[in-house]
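Sequential numbering from 1 along the given sequence is applied to the chain's residues.
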Amino acid sequence: MEVKVSSKYQIVIPKDVRELLNIKKGQSMEMIIKGNSISLVPEKPLSELKGFLKGMKLDGIRDEEERIDYY
C-alpha cells in the first residue's frame, strides 16, 4: 500500500488499515526503524493486555534455587 509524505512530513494511515488495526484518533504509535524501513506499531493500553498470557506454561523459565528475596 502506498502513502505520500506531505510538505509537513506527515502521512495518512488509510481508513481500511485504521479499521483493521482498530487505530483511534490520538492513539500513540511506536516507530521502529530497521535498515531503510519504518514500521509503525499501535501502542495498546495495559488494560487490553490483561490475560493475554493465560495458560502459558512457566516450567523452566526461572530457577527457583537462584531466587533472591529482598527485605
For [X] versus [Y], what's the shortest heavy-atom pair and its separation?
{"X": "Gln27", "Y": "Asn22", "value": "OE1-O, 3.7 Å"}
{"X": "Val3", "Y": "Val12", "value": "CG1-O, 3.5 Å"}
{"X": "Ile38", "Y": "Met31", "value": "CG2-CG, 3.6 Å"}
{"X": "Met29", "Y": "Ile23", "value": "CE-CD1, 4.1 Å"}

(Q) Are Ile32 and Leu21 connected into the same hydrophobic cluster when the rule is that any two of I, L, V, M, F, W, Y join if their side-chain heavy atoms are below 4.5 Å apart? (A)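 Result: no, two separate clusters.
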Q) Do you reckon Ile13 sits in the same ILVMFWY cluster as Met1, going by side-chain contacts under 4.5 Å, direct or chained? A)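 Linked within one cluster.
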